[in-house]
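From a predicted model like this one, the values you see are computed outputs, not experimental measurements. Every chain is numbered from 1, with letters handed out A, B, ... down the list of sequences.
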Amino acid sequence: MGILGGGAGGVNAAPAVRARALVSCALFPASAERIVRMTVKTRFAPSPTGYLHIGGARTALFSWLYARKHGGSFVLRVEDTDQERSTQESVNAILEGMTWLGLEYDEGPFYQTRRFDRYREVIQRLLDEGKAYKCYCSKERLDALREEQQKRKEKPRYDGKCRDLTEPPSPDAPYVVRFRNPLEGQVVVDDRVHGRVAFSNTELDDLIIARTDGSPTYNLTVVVDDMDMGISHVIRGDDHLNNTPRQVNILHALGVEAPVYAHVPMILGEDGKRLSKRHGAVSVMSYRDEGYLPEAVLNYLVRLGWSHGDQEIFSLDEMIQLFDIDDLNAKASALNVSKLNWLNQQYMKAMDPAHVARHLSWHMGQLGVDPAQGPALEDIVVAQRERSHTLVEMARNSLFFYRMPESYDDKAARKNLKADTRPALEALRAALAAAPEWQRERLHETVTGVAESLDLKLGKVAQPLRVALSGGPVSPPIDETLELLGRDRSLARIDAALQFIDQQGQAAG
RNA sequence: GCUCCCAUCGUCUAGCGGUCCAGGACGCCGCCCUCUCACGGCGGAAACCGGGGUUCAAGUCCCCGUGGGAGCGCCA
């Protein structure tokens, strides 16, 4: 079960959806048809000002899973209205991260900068309908206002000076457009992870929806896009929870229903503090660089804030089938590298070695090794996966299969490559040179044979041999190591070790 | 400062009023296995933030406190 299990997959999800829809029908017969037809559409809407953040990747994963589970679609939208900070490199980096994780989108990427005409149209409509107004207040006045309010220990907000203005102060005075937020009542958000959250309209002010240059702001573009794109479920970080009532008000002013919201908690660093660069791996691609399999990262992320009983390992199909927003935790969760390491190893052990080998190949390349010049990587994977947590670790520990170790591990050499062990190495060299068949079981017999003939325990001959072959105290079982390394390389390394022992002897004498 | 959110082992979590002297996982400790390191197996230490209620019964519901976090931009 688990990792490799294709199994039942998403097919089983369909009846569940239907069952839920039927319940809704019973409660709201009038809207039954609409509910049944409503297709799930989720979105991931990063702003391209950096890399794909691990927290962003998790909300993207949740959105993606939810869409997949319900046979809906997943939209990628690039929120690049801040033209100062948005870059194409960043867009590429985000796309690269999504691709590496395998979170393919069904629609998009849509760029907000290409939809300015549409936003202008909506802003104009709001203006025409009196649901928005022009504000001529200068930045200076606004700054002063804010400062004063803070001094008075009040929540800084716009005072509505231009709200009821009928004439502009001067014919071509510059202005921003503000949304006319309701003065009374409250906005209730039925959040799928936080439950019912009520905000009083008196806490909200008239936010700017168009800047002096006419460009739209975030709260406006989000609302227009979610509306136009038919987003049914907005799954995003809970740092947006406070923006939600404003967005709901704009949506209502536009005459549409708000989508379902699910504000997922943010991810914390290992120290429980807000994730930042100093925590190391914050970008998704750094997880590739550090040797994690995308499947393991996905599994790790899905378990952060979500669970299904005691199950720890989920195949993609299982995730799709079992994931539900209602099972999301409301508490922020801290990253835990040791658990990721464990999971990654579980995946390396359970997945098809050929698949793991493809990833390992990239890491070998990073270390300057051409895997074609040595044992098949698939075999290396099988030999090393039990003693590696990451692909980087696996690659480093496997370097000796592809090139002569530059030096011996100090401690290991002192203990195992010395005059005392020379006879064992010599005997091994002779026996291995004469071995009729270079094959694991035979090699095992050869090594144990040498040990017996010298009346030594296996460890007494295996360990010096290990150091001779690998340069250090750790390697796969000695027979396996020999088999993978091959006869020529093995003999050459024993010779080198014998020579090393002699040199040490001379130096000492 | 104001508003909103959050609170079970170190960490990720189970728990959806009685089955909890709180279960699982990672990590940690011990033992077993063993040619090294591991893997694996077995065992162990380790938590309901505090205080009030509600109830026959509270980790589970309510309130307050405390502690964390987020938002309050012509950023997104």
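Checked against B/G24, B/A76, B/C74, the side chain of A/Y218 finds its nearest nucleotide in B/A76. Closest to the A/T81 side chain, of the nucleotides B/A76, B/C72, B/C74, is B/A76. In this structure, of B/C35, B/A70, B/U36, it is B/U36 that holds the atom nearest to the side chain of A/V474. Closest to the side chain of A/K339, out of B/U36, B/C5, B/C12, is B/C12. For A/S338, the side-chain atoms get nearest to B/C26 when compared with the rest of B/C26, B/C35, B/C74. Nearest to the side chain of A/H194, among B/C6, B/C2, B/C4, sits B/C6. Here the nucleotide nearest the side chain of A/L458, chosen from B/A76, B/C5, B/C35, is B/C35.
Nucleotides B/G50 and B/C33 place their C1' atoms 48 Å apart, quoted to the nearest Å. Taking atom C1' on both B/G67 and B/G41, the two are 42 Å apart, rounded to the nearest angstrom. Rounded to whole Å, the C1' atom of B/C26 lies 40 Å from the corresponding atom of B/C2. For the C1' atom pair drawn from B/A70 and B/C9, the interatomic distance equals 27 Å after rounding to whole Å. Comparing the P positions of B/G30 and B/C37 gives a spacing of 14 Å, expressed to the nearest Å. For the P atoms, the distance linking B/C64 with B/A47 amounts to 29 Å, nearest Å. B/U13 and B/G59 have their C1' atoms separated by 14 Å, given to the nearest Å. For B/U60 and B/A22, the P atoms lie 16 Å apart once the distance is rounded to whole Å.
Distance alone, capped at 3.5 Å, places no donor-acceptor pair between the A/H389 side chain and the A/N344 backbone. A donor-acceptor pair is defined here as one N or O able to donate and one able to accept, closer than 3.5 Å; no such pair exists between the side chain of A/R180 and the backbone of A/K131. A donor-acceptor pair is defined here as one N or O able to donate and one able to accept, closer than 3.5 Å; such a pair exists between the side chain of A/R466 and the backbone of A/P476.
Taking atom CZ on A/R77 and atom C1' on B/A76, their separation rounds to 11 Å, with Å as the unit. Regarding A/L322, its CG atom lies at a distance of 16 Å from the C1' atom of B/U13, rounded to whole Å. A straight line from CH2 of A/W342 to C1' of B/G27 spans 12 Å, rounded to a whole angstrom. Atom P of nucleotide B/C28 and atom CG of A/N341 are separated by 11 Å, given to the nearest angstrom.
Among the protein residues, A/Q345 comes within range of the sugar-phosphate backbone only, with heavy atoms under 4.0 Å from sugar or phosphate atoms but none that close to a base. Within 4.0 Å (heavy atoms only), A/N243 reaches at least one base atom of the nucleic acid. Counting non-hydrogen atoms under 4.0 angstrom, A/E154 reaches a base of the nucleic acid. Heavy atoms of A/L304 sit under 4.0 angstrom from primed sugar atoms or phosphate atoms, though from no base atom. If you check every strand for non-hydrogen atoms under 4.0 Å, A/S475 touches a base. Within the 4.0 angstrom heavy-atom criterion, base atoms lie near A/D479. Backbone-only contact: A/K153 has heavy atoms under 4.0 Å from sugar-phosphate atoms and none from a base. Base engagement by A/C137 is indicated by at least one non-hydrogen atom pair under 4.0 Å involving a base atom. Across all strands, A/P476 comes closer than 4.0 Å to base atoms (heavy-atom distances). Here A/E203 lies in heavy-atom contact (under 4.0 Å) with sugar-phosphate atoms only. Residue contacts shown for A/G305 are limited to sugar-phosphate atoms, with no base heavy atom under 4.0 Å away.
A salt bridge is absent between A/R146 and A/E148: the closest approach of a Lys/Arg side-chain nitrogen to an acidic carboxylate oxygen does not fall below 4.0 angstrom.
Between the side chains of A/E147 and A/Q149, no donor N or O sits under 3.5 Å from an acceptor N or O.
Between A/R146 and the phosphate of B/G73, there is a side-chain N or O to OP1/OP2 separation shorter than 4.0 Å. In this structure, A/S307 reaches the B/A14 phosphate: one of its side-chain N or O atoms is under 4.0 Å from OP1 or OP2. OP1 or OP2 of B/G40 sits under 4.0 Å from a side-chain N or O of A/K349. Phosphate contact (OP1/OP2 of B/U13, side-chain N/O of A/S333, threshold under 4.0 Å): present. Remark: A/H240 is not in phosphate contact with B/G71, judged by side-chain N or O atoms under 4.0 Å from OP1 or OP2. At the phosphate of B/U8, OP1 or OP2 sits under 4.0 Å from a side-chain N or O atom of A/K331. The phosphate of B/C39 has neither OP1 nor OP2 within less than 4.0 Å of any side-chain N or O from A/R385. Of the side-chain N and O atoms in A/Q346, one or more sit less than 4.0 angstrom from OP1 or OP2 of B/G40. Dashed line: the shortest gap from a side-chain N or O of A/S200 to OP1 or OP2 of B/U3 is not under 4.0 Å. Contact annotation: A/N336 does not reach the phosphate of B/U13 (side-chain N/O to OP1 or OP2, under 4.0 Å).
Judged by distance alone, with hydrogens and angles left aside, A/R466 brings a side-chain donor or acceptor within reach of the base of B/C35, the pair sitting under 3.5 Å. Between the base of B/G24 and the side chain of A/E312 there is a donor-acceptor pair shorter than 3.5 Å. Side chain A/T212 to base B/C74: a donor-acceptor pair is found below 3.5 Å. For a distance-only test at 3.5 Å, the side chain of A/D310 qualifies as a donor-acceptor partner of the base of B/G23.
Each of A/N201, A/V188, A/V187, A/N181 was scored for a side-chain contact (heavy atoms from CB on, under 4.5 Å) with A/P245, with one residue passing: A/V187. Checking A/L298, A/I325, A/V302 one by one against A/L65, the side-chain contact (heavy atoms from CB on, under 4.5 Å) holds for a single residue, A/V302.
Here the NE2 atom belonging to A/H194 is positioned 9.5 Å from the CG atom belonging to A/L328, to the nearest 0.5 angstrom.
Heavy-atom distances to RNA chain B give each of A/G272 and A/V193 a nearest nucleotide, and the one nearer the 5′ end belongs to A/V193. If you find the closest nucleotide of RNA chain B to A/R303 and to A/G195, the one lying nearer the 5' end belongs to A/G195.
Every residue two or more places apart in sequence or in another chain was checked for a ring pair (Phe, Tyr, Trp, His ring centres under 6.0 Å) with A/H279, and none qualifies.
Taking a pair to require two hydrogen-bonding distances under 3.5 Å in either a Watson-Crick or a G-U wobble arrangement, B/A25 pairs with B/U11. In a base pair of the Watson-Crick type (N1 to N3 plus N6-O4 or O6-N4) or a G-U wobble (N1-O2 and O6-N3), with each distance short of 3.5 Å, B/C56 is matched with B/G18. Remark: B/C49 base-pairs with B/G65; criterion is Watson-Crick or G-U wobble with both hydrogen-bond distances under 3.5 Å. Pairing of B/C2, defined by two Watson-Crick or G-U wobble distances under 3.5 Å, is identified with B/G71.
Other residues, nucleotides and ligands contribute only 12 or fewer heavy atoms inside 6.0 Å of the OH atom of A/Y51. No more than 12 heavy-atom neighbours from other residues, nucleotides or ligands sit within 6.0 angstrom of OH on A/Y175.
Of the residues in residues 176-184 of chain A, those with a non-hydrogen atom less than 4.0 angstrom from any atom of RNA chain B are A/V176.
Between A/F44 and A/Y105, the ring centre distance reaches or exceeds 6.0 Å.
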